[in-house]
Amino acid sequence: MPSDDVPALTRKQLLVLAVLSSEARELSNNELTTLTGSSLTGSDNVRLETELGLVETDRSHRPFSHKLTPKGWEVARKLPTEPQEDPKPVDRIYADDIPSLTPNQILALIVLMSEARELNNNELKELGGFSLTGADNTKLEKKLGLVETDRTHRPYSHQLTEQGWGLVRRLHTMKPPTEAKSATRTLLTLLGNISRSLEQLQSTHGVKLSHGEFFRPQPLPAESGAAEVGDAEVGDVEVGDVEGGDAESRVRKAYASLVGRPGDWVGLADLRDQLPGLARAEVDAALMALLDQDGVRIIPVANTKALSARDRAAAIDIGGEASHALAIGQP
C-alpha cells in the first residue's frame with residue numbers, strides 16, 4: 001500500500017473503490033459486474049461500508065447501488081495508479097437461449113423495437129441503412145417467428161411479433177456475434193442500460209412500462225388539451241361532476257373529463273385546473289394513492305425543454321424526480 005493511512009484491502013475491494021472513483025457516480029451491482037467482473041456484496045460490502053465507512057450502499061431498490069463517501073474519496077485518491085498485478089479479463093455471462101443472429105438481423109430487430117410500429121423496407125433503409133429481405137427476412141420470420149412480414153403490398157413491411165418483443169427485451173444478454181462491429185456492440189450495451197432503467201422506474205417510481213410503451217411516442221402534457229367547460233360529456237363524465245366524491249374519485253373524474261379514451265396522457269397542470277376545490281396536498285396524496293392501483297401511471301416528461309413554467313409548477317415529486325403526466329387505463 002502507498003500509505004499507512006490507507007486500510008488493508010483485498011484486490012477486489014481496491015478495484016471497486018477505483019471504479020467508483022473513476023466513474024464518479026453511483027453504480028449498481030449490475031454496472032459493477034460489467035466493469036469489474038463482480039458485484040459488491042457480502043463481506044466485501046460489510047468491510048467497505050460498515051467497518052471502514054468508505055462506501056454508502058442504497059438498498060431502497062434492486063440491484064443495490066453504491067457510491068463513495070467523503071472518506072472513501074480520500075482513500076481512493078491515495079490508491080496506486082498502476083495495478084499491482086495484471087488484471088484478470090472480465091468473463092461476462094451471456095444467455096444461452098437466445099438464437100444466433102447476424103449483425104444485420106440484430107439491427108433490424110432494434111430498429112423495429114425503437115420505432116414500435118410497422119415499418120416498410122423503404123423506412124428501414126432510411127432509418128437503418130438496409131432493408132429486411134432474403135435470408136435475413138427468412139430467418140427472422142419463418143425460422144424464428146420474431147417478425148411478421150406483410151407481402152400484400154410493395155415495399156413489404158415488417159413488425160415484431162409477441163415472440164419478437166419477448167426476445168428484444170433480453171437482446172442485450174446475448175453474446176455479440178464474432179463479426180459484430182462496434183456499432184452493434186454499442187447498441188447492445190445501450191439496450192442493457194435501457195432495461196436497467198425500466199427496472200428502476202418500476203422499483204423506485206412504481207411506473208410499469210413495457211419496451212413497446214417506452215419507445216412508443218407519448219404526447220407532451222400541453223398536447224393533451226383540457227376540455228372546455230361548455231363541452232358536452234367526455235368519456236361519460238361531465239366536467240361539472242368533478243366537484244363531488246372523495247379526492248381519488250374526483251381526480252379520476254377530472255382525468256376522464258380531459259381525455260378522449262382511457263390511457264391517454266394528461267398534463268398534471270390541466271388536471272389541477274379541473275380540481276379547484278382541492279388543496280394541492282390533497283391532490284398529491286390522491287395521485288400517490290392512485291399510483292398503487294392497476295392501470296395508473298405518472299411519469300416525467302423526457303423532453304424537459306418542452307415543459308412550460310406551468311407544467312413544472314404542477315409536477316409531483318415521486319422518488320426524488322418531478323413527474324408531469326398522468327394516464328389512467330383500464331384496471
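Every heavy atom of this structure was used, including side-chain atoms; hydrogens, water molecules and symmetry mates were not. This chain uses plain numbering: 1 for the first residue, then up along the sequence. Since the structure is predicted, the reported quantities are computational estimates derived from the model, not experimental observations.
- Under a 4.0 Å N-O distance rule, the pair R261/D264 qualifies as a salt bridge.
- Under a hydrophobic-cluster definition in which Ile, Leu, Val, Met, Phe, Trp and Tyr are linked whenever side-chain heavy atoms come within less than 4.5 Å, directly or via other members, L188 and L140 are assigned to the same cluster.
- Residues N193 and T189 form a side-chain contact, since some pair of their non-hydrogen atoms from C-beta on lies under 4.5 Å apart.
- Formation of a donor-acceptor pair under 3.5 Å by the S28 side chain with backbone atoms of F64 is not found in this model.
- Salt-bridge annotation for R252 and D246: absent, with no side-chain N of the basic residue lying under 4.0 Å from a carboxylate O of the acidic one.
- In this structure, CG on L258 lies 14.5 Å from CH2 on W265, to the nearest 0.5 angstrom.
- Using modelled atom types, one side-chain atom of D311 and one backbone atom of S308 make a donor-acceptor pair closer than 3.5 Å.
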CA sep, side-chain torsions, deciding dist, call: M113, L191, side-chain contact (heavy atoms from CB on, under 4.5 Å): CA-CA 11 Å; M113 175 185 64; L191 290 182; 3.1 Å; yes

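- D317 is not listed as a side-chain neighbour of D284, based on a closest heavy-atom distance of 4.5 Å or more.
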K175 and D96: CA distance, side-chain angles, deciding distance, salt bridge (charged side-chain N to carboxylate O under 4.0 Å, His left out) verdict: CA-CA 8 Å; K175 185 174 183 179; D96 56 8; over 6 Å; no

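- Side-chain atoms of E282 come within 3.5 Å of backbone atoms of A279 as a donor-acceptor pair (strictly under, hydrogens ignored).
- For R151, the CZ atom counts as densely surrounded, since its 6.0 Å shell holds more than 12 non-hydrogen atoms of other residues, nucleotides or ligands.
- Residues E123 and R117 have side chains in contact (heavy-atom distance under 4.5 Å, counting atoms from C-beta outward).
- The two residues Q274 and A254 come nearest to each other via the heavy atoms CB-CB, 3.9 Å.
- Summarising the geometry of H324 relative to L307, their closest heavy-atom pair is NE2-CD1, 3.4 Å, with the distance given to 0.1 Å.
- Taking the salt bridge (Lys or Arg N to Asp or Glu O under 4.0 Å) definition, one finds that E162 meets it with nothing, sequence neighbours left out.
- A distance-only check finds a donor-acceptor pair linking the side chain of Y255 to the backbone of I328 [under 3.5 Å].
- To the nearest 0.5 Å, atom CG of residue L287 and atom CD1 of residue I298 are 4.5 Å apart.
- Remark: side-chain polar atoms of K71 are paired, donor with acceptor, to backbone N or O of L52 under 3.5 angstrom.
- E31 and R25 are joined by a salt bridge, as a carboxylate oxygen and a charged side-chain nitrogen come within less than 4.0 angstrom of each other.
- Cluster annotation: Y156 and V147 are assigned to distinct hydrophobic clusters (Ile/Leu/Val/Met/Phe/Trp/Tyr, side-chain heavy-atom contacts under 4.5 Å, transitive).
- Inspection of the S157 and E118 side chains reveals an N or O donor paired with an N or O acceptor under 3.5 Å.
- N29 and H66 are linked by a side-chain donor-acceptor pair at a separation below 3.5 angstrom, with hydrogens and angles left out of the test.
- Considering every non-hydrogen atom in both A327 and G263, the closest pair reads CB-O, 3.7 Å.
- Atom CG of residue L160 and atom CD of residue E148 lie 10.5 Å apart, to the nearest 0.5 angstrom.
- The closest side-chain donor-acceptor pair between N30 and T33, if any, does not fall under 3.5 angstrom.
- R77 meets the salt bridge (Lys or Arg N to Asp or Glu O under 4.0 Å) test with no other residue; sequence neighbours excluded.
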Evaluation steps, side-chain contact (heavy atoms from CB on, under 4.5 Å), between M288 and I316: CA-CA 9 Å; M288 295 302 292; I316 183 173; 3.8 Å; yes

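- Put simply, V46 and L15 are part of two different groups of oily side chains (I, L, V, M, F, W, Y) that touch within less than 4.5 Å, one to the next.
- Here the shortest heavy-atom pairing between E248 and A289 reads OE2-CB, 3.3 Å.
- Rounded to the nearest 0.5 angstrom, T184 OG1 and L101 CG are separated by 11.0 Å.
- Side-chain contact annotation: E26 with S65, donor-acceptor N/O pair under 3.5 Å present.
- Using a 3.5 Å distance cut-off with no hydrogens or angles, the side chains of H158 and N121 do pair a donor with an acceptor.
- Taking each heavy atom of A108 and L132 in turn, the nearest pair found is CB-CD1, 4.2 Å.
- Note: K12 NZ to L32 CG = 9.5 Å, rounded to the nearest 0.5 Å.
- Residues W165 and I106 are members of one and the same hydrophobic cluster, defined by side-chain heavy-atom contacts under 4.5 angstrom among Ile, Leu, Val, Met, Phe, Trp and Tyr.
- Interatomic distance, L119 CG to L127 CG, rounded to the nearest 0.5 Å: 6.0 Å.
- Using a cutoff of 4.0 Å between basic side-chain nitrogens and carboxylate oxygens, E23 and K67 are not scored as salt-bridged.
- Using modelled atom types, one side-chain atom of T186 and one backbone atom of S182 make a donor-acceptor pair closer than 3.5 Å.
- The minimum heavy-atom distance between L268 and S323, with the atom names listed, is CD1-O, 3.4 Å.
- Using modelled atom types and a 3.5 Å distance limit, the side chains of N104 and T102 yield no donor-acceptor pair.
- For R154, the CZ atom is loosely surrounded, since the number of other residues' heavy atoms within 6.0 Å does not exceed 12.
- With sequence neighbours left out, the salt bridge (Lys or Arg N to Asp or Glu O under 4.0 Å) criterion links D58 to no other residue.
- A side-chain donor-acceptor contact under 3.5 Å links H153 to the backbone of P155.
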